[in-house]
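For reference, the structure discussed in these notes is given below.
Chain naming here is simple, since letters A, B, ... match the order of the sequence lines and numbering starts at 1 in each.
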4 protein chains.
Amino acid sequence: MSEGRRGAVRSEAARTAILTATSSLIERLGYDRVTIEGIASEAGVGKQTIYRWWPSKSAVVAECLLEGALIPETFEPQDTGDLAADLSEWLERALGFVSTHHSLLHSLIGAAVENEEVGQRLYERLGASPEVLAERLRVAQAAGQLRAGVSVEQLVDAIVGMLIARLLFGAPIRSDDAHGFIDLILHGATPNRPQ
Amino acid sequence: MSEGRRGAVRSEAARTAILTATSSLIERLGYDRVTIEGIASEAGVGKQTIYRWWPSKSAVVAECLLEGALIPETFEPQDTGDLAADLSEWLERALGFVSTHHSLLHSLIGAAVENEEVGQRLYERLGASPEVLAERLRVAQAAGQLRAGVSVEQLVDAIVGMLIARLLFGAPIRSDDAHGFIDLILHGATPNRPQ
Amino acid sequence: MSEGRRGAVRSEAARTAILTATSSLIERLGYDRVTIEGIASEAGVGKQTIYRWWPSKSAVVAECLLEGALIPETFEPQDTGDLAADLSEWLERALGFVSTHHSLLHSLIGAAVENEEVGQRLYERLGASPEVLAERLRVAQAAGQLRAGVSVEQLVDAIVGMLIARLLFGAPIRSDDAHGFIDLILHGATPNRPQ
Amino acid sequence: MSEGRRGAVRSEAARTAILTATSSLIERLGYDRVTIEGIASEAGVGKQTIYRWWPSKSAVVAECLLEGALIPETFEPQDTGDLAADLSEWLERALGFVSTHHSLLHSLIGAAVENEEVGQRLYERLGASPEVLAERLRVAQAAGQLRAGVSVEQLVDAIVGMLIARLLFGAPIRSDDAHGFIDLILHGATPNRPQ
DNA sequence: TGATAATCGAGACGGTACGTCCTGTCTTTCA
DNA sequence: TGAAAGACAGGACGTACCGTCTCGATTATCA
């Protein structure tokens with residue numbers, strides 16, 4: 001078990017202070033106005049302590065997301081058996097959060113561009129991770145609630161993509177869009193479907 | 001009629017040189033490694049000439065997009081009467097472009113986070129502008145090819161959002177996803193639709 | 001006589017406005033915080049109008065001195081026949097002016113470093129020009145009031161130099177130093193002189 | 001004892017490189033064509049390292065003078081008991097130096113206008129510091145070699161001032177002026193002195 | 001009296017340097 | 001020996017001026 005490791009061990013206090021400071025600064029200033037020096041100073045920590053454990057600012061942000069320091073809530077679709085209701089209810093909650101934390105989310109998309117891991121963590125936090133949203137869809141697929149040939153990945157991309165697109169392009173976000181959007185996705189845009 | 005404007009007039013040569021240099025540098029280095037100083041030097045222009053006409057790097061990029069300096073091609077859905085075919089064909093072209101210019105597009109999303117106008121111009125260039133994609137959909141709606149109650153905006157967001165989501169989250173992009181995705185959107189994910 | 005000069009003639013109004021603006025700005029800001037653009041703007045004049053007639057900022061200052069725009073008073077030693085009294089009275093006035101316009105004079109020394117002509121004009125304005133102070137001394141020399149072998153130039157340099165040295169090195173300047181200094185210069189520092 | 005100072009210590013190598021580069025550039029280009037960026041580049045140093053320790057270009061020059069980087073020689077009057085001979089010999093050396101380094105000294109007067117400390121250091125370097133030239137004069141005063149009522153400060157100002165005046169106003173400087181000037185100062189300009 | 005030529009205010013232009021901020025690395029001291 | 005403090009080389013920022021140029025309007029002379 002012991003592999004001859006000597007000397008002081010990584011300070012949990014410092015690590016926590018860094019994540020807290022980062023989250024707080026991002027909320028106050030937005031991602032791109034946050035600097036490593038600002039984090040170090042806010043956290044009462046040396047810059048080197050940050051660089052020792054993370055390769056970049058965006059990596060710290062990724063860990064903030066992982067720890068729930070930035071987005072404490074979780075958004076998981078339920079499984080009541082009613083796919084449309086479950087998805088609508090989930091998307092309503094997600095859209096509600098996004099609309100009230102518009103600038104935070106906008107910031108995080110910026111971080112995601114720099115660092116793919118941030119994107120993944122963000123994806124997960126909003127309940128759209130492979131293990132959560134996709135799982136719910138796969139359950140539905142298994143229950144025959146999805147057409148044959150429908151790609152779960154495409155389905156997820158359509159839903160999450162709508163969310164991202166609204167954030168990026170400044171379109172208004174209202175949680176009561178949720179039902180209509182899920183209806184569109186599940187039942188299609190055309191009036192008649194070939195059986 | 002004359003509104004008393006005196007003094008030398010804006011140099012079109014300088015303006016063009018700046019847009020050209022910016023486009024070239026973004027393609028070579030990626031948006032976030034491009035600097036105002038780099039643009040000025042590449043364009044053979046003083047920094048002040050940039051700051052005189054644009055407030056920020058991202059604003060220059062927005063104008064590059066507007067002028068077609070970054071994305072010369074345009075992607076407009078046709079109107080053959082067959083909505084599914086038109087959209088599939090268009091999305092296929094767009095996905096093809098995106099997949100072969102992955103890093104450019106990734107860059108531009110970064111610029112779009114900084115500057116909403118970049119997002120709008122990017123949106124438009126990909127054929128998803130209100131005047132183009134949405135127009136095609138409205139035509140379809142008028143022709144009864146869309147269900148009542150379907151929001152054209154949501155439809156567009158779902159399609160473009162998918163594109164953005166793939167770019168951001170590193171998912172593979174292949175132009176032969178187009179048909180399946182349009183089918184999903186138009187006909188829905190569920191096997192039976194309440195009539 | 002006429003050498004075929006065609007076109008508009010130099011605007012005296014512009015010339016005067018420039019000299020006035022320059023003098024005013026130097027008094028308010030000090031020579032080195034005055035800029036050509038500042039002068040042009042204050043004078044309501046185009047930059048080119050300054051560059052057309054003067055090669056540099058310091059040349060404008062030299063003309064300001066020449067016109068008495070910066071130092072309206074003149075300081076000329078009288079000739080009552082009493083050399084010591086004349087010089088004391090003159091130096092007292094000069095030191096009085098210098099002590100009450102300390103920062104202006106300091107500024108002008110800066111201009112003199114850049115442009116020798118400014119030095120000459122300054123020199124003249126304080127009454128130490130070859131045509132004035134040196135002339136008074138030459139009169140005294142002719143009247144046998146100066147020793148044989150005494151160089152008038154050295155005498156002038158000693159007096160004016162003291163003034164400059166005090167300005168440059170921040171020593172206090174009081175007009176009642178004048179009598180003692182002239183006494184020193186005229187009668188020497190040593191108690192006994194070889195006859 | 002320990003006053004709790006943590007962190008890396010000031011780099012003597014950087015400090016020396018900056019002073020050396022500054023001196024070299026001033027000699028090559030003259031004070032006003034030297035820039036902070038030029039110094040930094042010549043010294044292989046970041047600009048911030050200059051701004052961290054000096055508030056301005058002229059402050060760096062003051063330190064150059066203090067370290068003897070610009071004027072390595074020192075000019076101190078001897079004390080052989082013969083005041084006139086000591087001062088003549090000293091002034092001859094000083095004038096000799098000034099005449100062979102005319103443009104350097106001209107430059108330094110420009111720096112002295114910007115920064116009083118440069119003036120003081122320059123003063124000192126030429127042997128005219130309170131602790132040196134004035135001391136020699138005070139010794140002479142104590143030995144009864146100066147008249148009662150003669151101000152040592154005025155004496156020093158007359159001598160150094162002559163030097164400055166010649167530099168500023170472009171008068172020729174020749175080291176054989178020294179004897180005559182000291183004779184003038186010590187024995188006065190007038191042929192007869194009231195006993 | 002119209003063409004020519006010079007001036008004027010205005011202001012854009014290519015540049016240079018400013019002083020500040022931040023990056024990522026290295027060094028010193030403390031606990 | 002890990003962590004704070006902080007100095008370091010470097011690079012970009014956005015601003016201020018430089019000295020030149022171009023623009024349209026306004027004089028003045030000459031043909």
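With DNA chain E read from its 5' end, the first of the two nearest nucleotides for D/Ala8 and C/Ser11 is the one closest to C/Ser11. Taking the nucleotide of DNA chain F with the nearest heavy atom to each of B/Arg33 and C/Val34, the more 5' of the two is matched to B/Arg33.
By the side chain to side chain contact (heavy atoms under 4.5 Å, CB included) test, D/Ala69 pairs with D/Ser23, D/Cys64, sequence neighbours left out. Residues satisfying the side chain to side chain contact (heavy atoms under 4.5 Å, CB included) criterion with D/Glu116, sequence neighbours excluded, are D/Gln120.
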Stepwise, does the side chain to side chain contact (heavy atoms under 4.5 Å, CB included) test hold for A/Arg52 with A/Thr49?
-> CA-CA 5 Å; A/Arg52 188 153 28 229; A/Thr49 303; 3.7 Å; yes
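A side-chain contact (heavy atoms from CB on, under 4.5 Å) with D/Val61 is found for one member of D/Thr22, D/Asn115, D/Leu122 and no other, namely D/Thr22.
In this structure, the side chains of C/Leu108 and C/Leu104 come closer than 4.5 Å at one or more pairs of heavy atoms. Side-chain contact check for A/Glu42 versus A/Ile39: every heavy-atom pair is 4.5 Å or farther apart.
Side chain of D/Arg125 to main chain of D/Ile71: a donor-acceptor pair is present (N/O by atom type, distance under 3.5 Å, no hydrogens or angles). Side chain of A/Thr16 to backbone of A/Glu12: a donor-acceptor contact under 3.5 angstrom is found. Under the 3.5 Å distance criterion, the side-chain polar atoms of A/His102 are left unmatched by any main-chain donor or acceptor of A/Leu167.
Rounded to whole Å, atom P of E/dT20 lies 22 Å from atom CD1 of B/Ile36. The distance between atom CZ of B/Arg10 and atom P of F/dG24, rounded to the nearest whole Å, is 17 Å. Atom P of nucleotide E/dG19 and atom CH2 of D/Trp54 are separated by 15 Å, given to the nearest angstrom.
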Would you be so kind as to tabulate the donor-acceptor pairs closer than 3.5 Å made by side chains of residues 31-38 of chain C, with sequence neighbours excluded?
from, atom 1, to, atom 2, distance (Å)
C/Tyr31, OH, C/Glu114, OE1, 2.7
C/Thr35, OG1, C/Gly38, N, 2.8
C/Glu37, OE2, C/Lys47, NZ, 3.0

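Because its NZ or CZ atom is both nearer than 6.0 Å to the ring centre of C/Trp53 and within 45° of the ring axis, C/Arg10 counts as a cation-pi partner of that residue.
If you check residues 37-52 of chain D against DNA chain E, the residues with a heavy atom closer than 4.0 Å are D/Glu37, D/Lys47, D/Gln48, D/Tyr51, listed by number. Shown for residues 13-32 of chain B: no residue has heavy atoms falling under 4.0 angstrom of DNA chain F.
For the pair A/Trp53 and F/dG2, the criterion of a side-chain N or O lying under 4.0 Å from OP1 or OP2 is not met.
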Grab the N/O contacts between the protein and nucleotides 1-4 of chain E below 3.5 Å, and write none if there aren't any.
from, atom 1, to, atom 2, distance (Å)
E/dT4, O3', C/Arg6, NH2, 3.0

